[in-house]
**Student:** 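Questions regarding the structure given below will be posed in turn.
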Amino acid sequence: MNQSAIPFNRPHLAGAELDLIEQAVLGLHTSGDGPFTRQASRLLESATGTARALLTTSCTHALEMSAVLLDLREGDEVILPSFTFVSTANAIVMRGATPVFVDIRPDTLNLDEQLVEAAITPRTRGLIAVHYAGVACEMDTLQAIAERNGLWLVEDNAHGLNGRYRGRPLGSFGELATLSFHETKNVHCGEGGALLVNDSALVERAEVLREKGTNRSQFFRGQVDKYTWVDVGSSWLLADLLAAYLVGQLEALDDIQARRHGIWDRYAHELRPWAADNGVSLPFVPEECDHPAHLFYVLMPTLEIRQAFIEHLAARGVQAVFHYVPLHSSPGGRRFGRSLDDCPITGDVSDRLVRLPLYAGLTEQECDRVVEAATEFECRL
Ligand SMILES: *Cc1c(COP(=O)(O)O)cnc(C)c1O
């Protein structure tokens with residue numbers, strides 16, 4: 001009975017990654033904007049229907065690029081959920097602007113669209129929608145609010161490649177959207193991301209910002225005869241070496257997704273009776289949403305029971321984790337932001353949520369072990 005522990009995440013190898021990296025090395029183009037970057041960008045553009053997908057060094061950097069591209073400045077306010085990763089907020093803070101935290105819905109754990117308008121002030125410039133677990137925010141309502149109030153909408157779609165809302169791909173709704181290819185995401189290249197530019201008026205400047213404020217992209221396309229400094233910018237482009245790895249993953253997207261959905265569906269099915277008997281909630285996916293099986297979480301009845309559950313799983317060799325810590329009440333959130341109210345749902349969900357192991361390479365036997373370990377646990381209230 002010396003079974004090895006089941007980690008929370010194991011980076012999945014689709015198969016072709018090493019060959020593709022070798023091609024990038026032997027092809028002598030390892031820096032940004034090479035042939036693999038072009039290939040990955042086209043694959044992302046066809047998957048999301050965006051005007052232009054620009055590979056970046058991370059989702060964090062794609063969010064920072066968005067803030068520069070939208071000319072966010074001191075005094076501006078941006079509305080976002082408190083229940084998200086720090087990068088969503090830091091991108092705002094780094095421009096000297098103020099993140100305004102709004103609570104989430106108790107069912108999807110997404111920004112509560114009914115609360116957003118109460119948070120709008122004359123300083124509000126935009127909204128950032130985070131599609132938690134790749135389950136879409138209520139986009140019809142959020143788009144209508146943005147339009148009515150003259151605000152831009154950015155999607156932090158780190159979880160949601162392959163997710164849909166009313167049949168339309170996530171990442172195609174906002175003026176801008178971001179993706180993450182961090183090792184913990186469905187498709188990865190170690191560290192990486194993309195900025196999806198849906199507003200075609202922003203494409204040219206996005207290319208300039210990402211190329212250190214130069215018009216080098218136009219130069220490579222033969223549109224200008226030398227390249228020079230034209231705007232602010234930084235080095236936000238992904239090395240072609242990593243783009244080669246990413247191509248291997250993107251080409252296997254259907255297989256990766258099928259594996260993840262298989263595991264997600266098994267958890268949902270096999271944990272249901274235990275959840276009902278123990279006051280545990282399972283993920284809710286509204287009818288209009290197709291989710292990408294990015295994460296499987298359970299909501300335990302209390303914080304104490306959640307901690308005991310994580311320990312119970314760990315003792316049986318199953319690594320489960322929790323996230324996020326509410327941003328509005330964190331030291332950074334208090335220092336740099338403000339919040340509409342005390343975000344009670346965010347606080348409650350953060351205390352009770354547990355994420356189970358979910359990755360494309362999780363075997364059936366491992367999945368059985370997770371289910372068995374979880375269902376042995378009894379919630380005593
Ligand atoms: C992972 C994640 C990020 C950051 O992605 P990186 O590629 O690691 O920078 C941002 N937002 C959300 C919601 C995430 O889950």
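Count residues from 1 along the sequence. Every number for a ligand or one of its atoms is a count from 1 in the order of the listing.
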**Student:** Which of the atoms in ligand 1, numbered in the order shown and given with their element, are less than 4.0 Å from a heavy-atom of Gly192?
**Tutor:** 7 (O)
**Student:** Does the side-chain hydrogen bond (donor to acceptor under 3.5 Å, both in side chains) test come out yes or no for Gln39 and Glu251, once each step is laid out?
**Tutor:** CA-CA 10 Å; Gln39 201 180 335; Glu251 285 186 329; 3.1 Å; yes
**Student:** Could you find the nearest protein heavy atom to atom 1 (C) of ligand 1 and give me its residue, atom name and distance?
**Tutor:** Lys185 NZ, 1.7 Å
**Student:** Starting from Ile6, can I reach Phe309 by hopping between I/L/V/M/F/W/Y residues whose side chains sit under 4.5 Å apart?
**Tutor:** yes
**Student:** Purely on distance, is any nitrogen or oxygen of His182 under 3.5 Å from one on ligand 1?
**Tutor:** no
**Student:** Hey, is Glu77 close enough to Arg338 for a salt bridge, meaning N to O under 4.0 Å?
**Tutor:** yes
**Student:** Hey, does Asp240 have a side-chain heavy atom less than 4.5 Å from the side chain of Thr30?
**Tutor:** no
**Student:** Among all protein non-hydrogen atoms, which one is nearest to atom 3 (C) of ligand 1, and what is the separation to 0.1 Å?
**Tutor:** Phe85 CD2, 3.6 Å
**Student:** Hey, is ligand 1 close enough to Ser87 that some N/O pair sits below 3.5 Å?
**Tutor:** no
**Student:** Specify side chain, backbone, both or neither for Asp156, according to which of its non-hydrogen atoms lie closer than 4.0 Å to ligand 1.
**Tutor:** side chain
**Student:** Short N/O distance, under 3.5 Å, between Cys59 and ligand 1?
**Tutor:** yes
**Student:** At a 4.0 Å threshold, what atoms of ligand 1 neighbour a non-hydrogen atom of Ser58?
**Tutor:** 7 (O), 9 (O)
**Student:** Does Glu183 offer a backbone N or O that forms a donor-acceptor pair with the side chain of Asn9 under 3.5 Å?
**Tutor:** yes
**Student:** Tell me whether Ala62 reaches ligand 1 (any heavy atom closer than 4.0 angstrom to a ligand atom).
**Tutor:** no
**Student:** What protein heavy atom is closest to atom 7 (O) of ligand 1, reported as residue, atom name and distance in Å?
**Tutor:** Ser180 OG, 2.7 Å
**Student:** Could you tell me, atom by atom, which parts of ligand 1 come under 4.0 Å of a heavy atom of Tyr324?
**Tutor:** 13 (C), 15 (O)
**Student:** If you measure every N or O of His159 against every N or O of ligand 1, does any of those distances drop under 3.5 Å?
**Tutor:** yes
**Student:** Taking the six-membered ring for Trp, is the centroid-to-centroid distance between His323 and Tyr132 below 6.0 Å?
**Tutor:** yes
**Student:** Considering only heavy atoms of Thr60, which atoms of ligand 1 have at least one such atom less than 4.0 Å away?
**Tutor:** 4 (C), 6 (P), 9 (O)
**Student:** Check this for me: does any side-chain nitrogen of one of Arg148 and Glu117 sit under 4.0 Å from a carboxylate oxygen of the other?
**Tutor:** yes
**Student:** Could you check whether Arg42 pairs with Glu45 (Lys NZ or Arg NE/NH1/NH2 to Asp/Glu carboxylate O, under 4.0 Å)?
**Tutor:** yes
**Student:** Give the single entry among Ala158, Gly160, Gly193 that approaches atom 12 (C) of ligand 1 most closely by any heavy atom.
**Tutor:** Ala158
**Student:** Side chains of Pro81 and Thr346, heavy atoms from C-beta outward: is any pair under 4.5 Å?
**Tutor:** no
**Student:** Side chain, backbone, both or neither: which part of His61 comes within less than 4.0 Å of ligand 1 when only heavy atoms are counted?
**Tutor:** neither
**Student:** Strictly under 6.0 Å, is that where the ring centroids of His188 and Tyr245 end up?
**Tutor:** yes
